[in-house]
Amino acid sequence: MPKEYSITYKAENKYENWVHNAHWQFLIIPQENSSQEYVSVEFSNSINAFNETSINGYGFKTIRAHPKQKFKEISFEAYFKLIKKDLNPFDFEPEQDIVASFDRLKELNFRIDFAAFLKATHLTTLPKLDRPLFKFDTNLSIFENLKALTDWTYIHIYFKTGVTDVGTMLNDIIANRHGVCQDFTHLFCALARQNGVPTRYVSGYLHQGNGYFGDSQMHAWAEAYIPSLGWVGFDPTNNLLANDNHIKVAHGKDYNDCSPLRGVIYGQGKNETSHTVLVSSQQQQQ
């Protein structure tokens, strides 16, 4: 049965000195797709700054805010309601020809079509090692290899907040073996791409109350392209496939393409920023 989700996103910003000019861009609106349907979208800020919506380079909706007055404090609040359809991530036909699927990954036209999601980025660059961290087994299907990679990533990294930031490189993640959802996802993307599978970083929300890692803030997971299946979601932070508990906002090559909040602030001194996310759901009545 479909679920009706309510999502509240809050951001609070405090500045030591007056800010005379600022621009923000929020990438926090759930995507409308085959499994997600909007009910309502609301967005406000504490000083009544003008808001407008636009579309980013990947086709996702953003909210832009540009205050016309000076301030020392500003808070933003977004409220979304949407219907999420039932999603069984295992509801597909298994790959019939494993050899043909792996051959497809090697085709020039395929690699050109998916070039953006095959290349290593600054945040998905693997350190130079004597041997690969994870090598696909060509006796298994691409899906089975990606599921094994999800297991491996989940086991290799321990979820711990406060030890990495959005710019932490993979060499530190691999060496220290601690991180949060964007670190799990960057490592998964890097290793899948190294094995020839197009993979994109996904930003979104996660249904709270189920004991998942990463459900108190915006969450991250990956989508990998399997020739016979299309894009399939993998959540290495929680060692599962993306399902109807995952609410997609956007995708890109890495976190930098999906950052929930970007801003340019014209001011001096220290500042404090905090973000909170609350996700709740109920079964929709038929």
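Quantities reported herein were computed from a predicted structural model and do not represent experimental measurements.
Between Pro198 and Trp231, the closest side-chain pair of non-hydrogen atoms falls below 4.5 Å. In this structure the side chain of Arg177 reaches within 4.5 angstrom of the side chain of His156, judged on heavy atoms. Using a 4.5 Å heavy-atom cutoff, the side chains of Thr237 and Trp221 are not in contact. Side-chain contact between Lys68 and His66 is present, with heavy atoms from C-beta onward closer than 4.5 Å. For the pair Ile142 and Pro227, the minimum side-chain heavy-atom distance is below 4.5 Å. Counting heavy atoms from C-beta on, the side chains of Asp183 and His178 never come closer than 4.5 Å. With contacts defined as side-chain heavy-atom distances shorter than 4.5 Å, the pair Ile83/Glu4 qualifies. Between Trp24 and Ile265, the closest side-chain pair of non-hydrogen atoms falls below 4.5 Å.
A continuous path of hydrophobic side-chain contacts links Trp152 to Ile226 [ILVMFWY only; heavy atoms under 4.5 Å]. Grouping the Ile, Leu, Val, Met, Phe, Trp and Tyr side chains by contacts below 4.5 angstrom, directly or via other members, places Val163 apart from Ile173. In terms of hydrophobic clustering, with Ile, Leu, Val, Met, Phe, Trp and Tyr side chains grouped at heavy-atom distances under 4.5 Å, Ile63 and Leu27 are assigned to a common cluster. In the hydrophobic clustering of ILVMFWY residues, with side-chain heavy atoms under 4.5 Å counting as a link, Ile28 and Val279 come out together. When hydrophobic clusters are built by joining Ile, Leu, Val, Met, Phe, Trp and Tyr residues whose side-chain heavy atoms come closer than 4.5 Å, directly or via intermediates, Tyr158 is not grouped with Val180.
When atom types are taken as modelled, the side chain of Gln25 and the backbone of Thr62 share no donor-acceptor pair closer than 3.5 angstrom. The backbone N or O of Cys189 lies less than 3.5 Å from no partner atom in the side chain of Asp254, so there is not a single donor-acceptor pair. Side chain of Arg111 to backbone of Lys106: no donor-acceptor contact under 3.5 angstrom is found. Put simply, the side chain of His186 never gets that close to the backbone of Thr168: no donor and acceptor are under 3.5 Å apart. Of the possible polar contacts, none joining the Asn238 side chain to the Leu240 backbone as a donor-acceptor pair under 3.5 Å is found. Between the side chain of Ser259 and the backbone N or O of Tyr255, no donor-acceptor pair lies under 3.5 Å. For the pair Glu95 (side chain) and Phe143 (backbone), a donor-acceptor distance under 3.5 Å is present.
Put simply, OG1 on Thr138 and CG on Asn145 are 8.0 Å apart, with the number rounded to the nearest 0.5 Å. The distance from the CZ atom of Phe188 to the OH atom of Tyr201 is 13.5 Å, given to the nearest 0.5 Å. Interatomic distance, Leu187 CG to Ile174 CD1, rounded to the nearest 0.5 Å: 5.5 Å. Atom CG of Asn51 sits about 5.0 Å away from atom CG of Asn45, to the nearest 0.5 Å. Atom OG1 of Thr164 is separated from atom CG of Asp172 by 9.5 Å, given to the nearest 0.5 angstrom. Annotation: the span from Ile98 atom CD1 to Glu144 atom CD amounts to 6.0 Å, rounded to 0.5 Å.
A distance below 6.0 Å separates the ring centres of Phe114 and Phe110. Checked against the 6.0 Å centroid threshold, Phe26 and Phe76 count as a close aromatic pair. Outside the 6.0 Å centre-distance limit, the rings of Tyr212 and His207 are not counted as a close aromatic pair.
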Could you walk me through whether Leu241 and Lys147 pass the side chain to side chain contact (heavy atoms under 4.5 Å, CB included) check?
CA-CA 8 Å; Leu241 297 186; Lys147 187 64 180 69; 4.3 Å; yes
Would you check, one step at a time, whether the test side chain to side chain donor-acceptor pair (under 3.5 Å) holds for Asn13 with Thr273?
CA-CA 5 Å; Asn13 303 270; Thr273 300; 3.1 Å; yes
Show your reasoning for whether side chain to side chain contact (heavy atoms under 4.5 Å, CB included) applies to Tyr15 and Glu73.
CA-CA 6 Å; Tyr15 300 90; Glu73 295 184 11; over 6 Å; no
Take Tyr5 and Tyr205 through the side chain to side chain contact (heavy atoms under 4.5 Å, CB included) test and state the conclusion after the steps.
CA-CA 10 Å; Tyr5 278 98; Tyr205 303 100; over 6 Å; no
Arg104 and Glu107: salt bridge (Lys or Arg N to Asp or Glu O under 4.0 Å), yes or no, with the steps?
CA-CA 5 Å; Arg104 182 83 174 101; Glu107 292 178 5; 2.7 Å; yes
Would you please test Lys70 and Tyr266 for side chain to side chain donor-acceptor pair (under 3.5 Å) and show each step?
CA-CA 10 Å; Lys70 66 179 183 179; Tyr266 297 91; over 6 Å; no
Would you check, one step at a time, whether the test side chain to side chain contact (heavy atoms under 4.5 Å, CB included) holds for Val202 with His219?
CA-CA 8 Å; Val202 180; His219 190 50; over 6 Å; no
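Environment of CD in Glu16: crowded, with over 12 heavy atoms of neighbouring residues, nucleotides or ligands closer than 6.0 Å. Under a cut-off of 6.0 angstrom, the local environment of NZ in Lys72 is crowded, with over 12 non-hydrogen atoms contributed by other residues, nucleotides or ligands.
Taking the charged nitrogens against the carboxylate oxygens, Arg64 and Glu52 have no contact shorter than 4.0 Å, which rules out a salt bridge.
For the residue pair Ser281 and Lys3, the shortest heavy atom distance occurs at OG-CD, 4.2 Å. Between Phe184 and Phe159 the shortest heavy-atom distance is CZ-N, 3.9 Å. Nearest heavy atom pair, residue Gly167 against residue Asp165, reads N-OD1, 2.9 Å. Minimum heavy-atom separation, Leu105 to Gly196: CD2-O, 3.6 Å. Taking each heavy atom of Thr124 and Arg193 in turn, the nearest pair found is OG1-NH1, 3.2 Å. Across all non-hydrogen atoms, the minimal contact from Thr199 to Ala192 is OG1-CB, 3.2 Å.
The one candidate from Gln36, Glu32, Glu223 that meets the side chain to side chain donor-acceptor pair (under 3.5 Å) condition with Lys248 is Glu223. The side-chain contact (heavy atoms from CB on, under 4.5 Å) test with Val197 singles out one residue from Leu146, Leu191, Leu149, Leu118, and that residue is Leu146. Of the listed residues (Val277, Thr276, Leu278), just one forms a side-chain contact (heavy atoms from CB on, under 4.5 Å) with Lys10, and that residue is Thr276.
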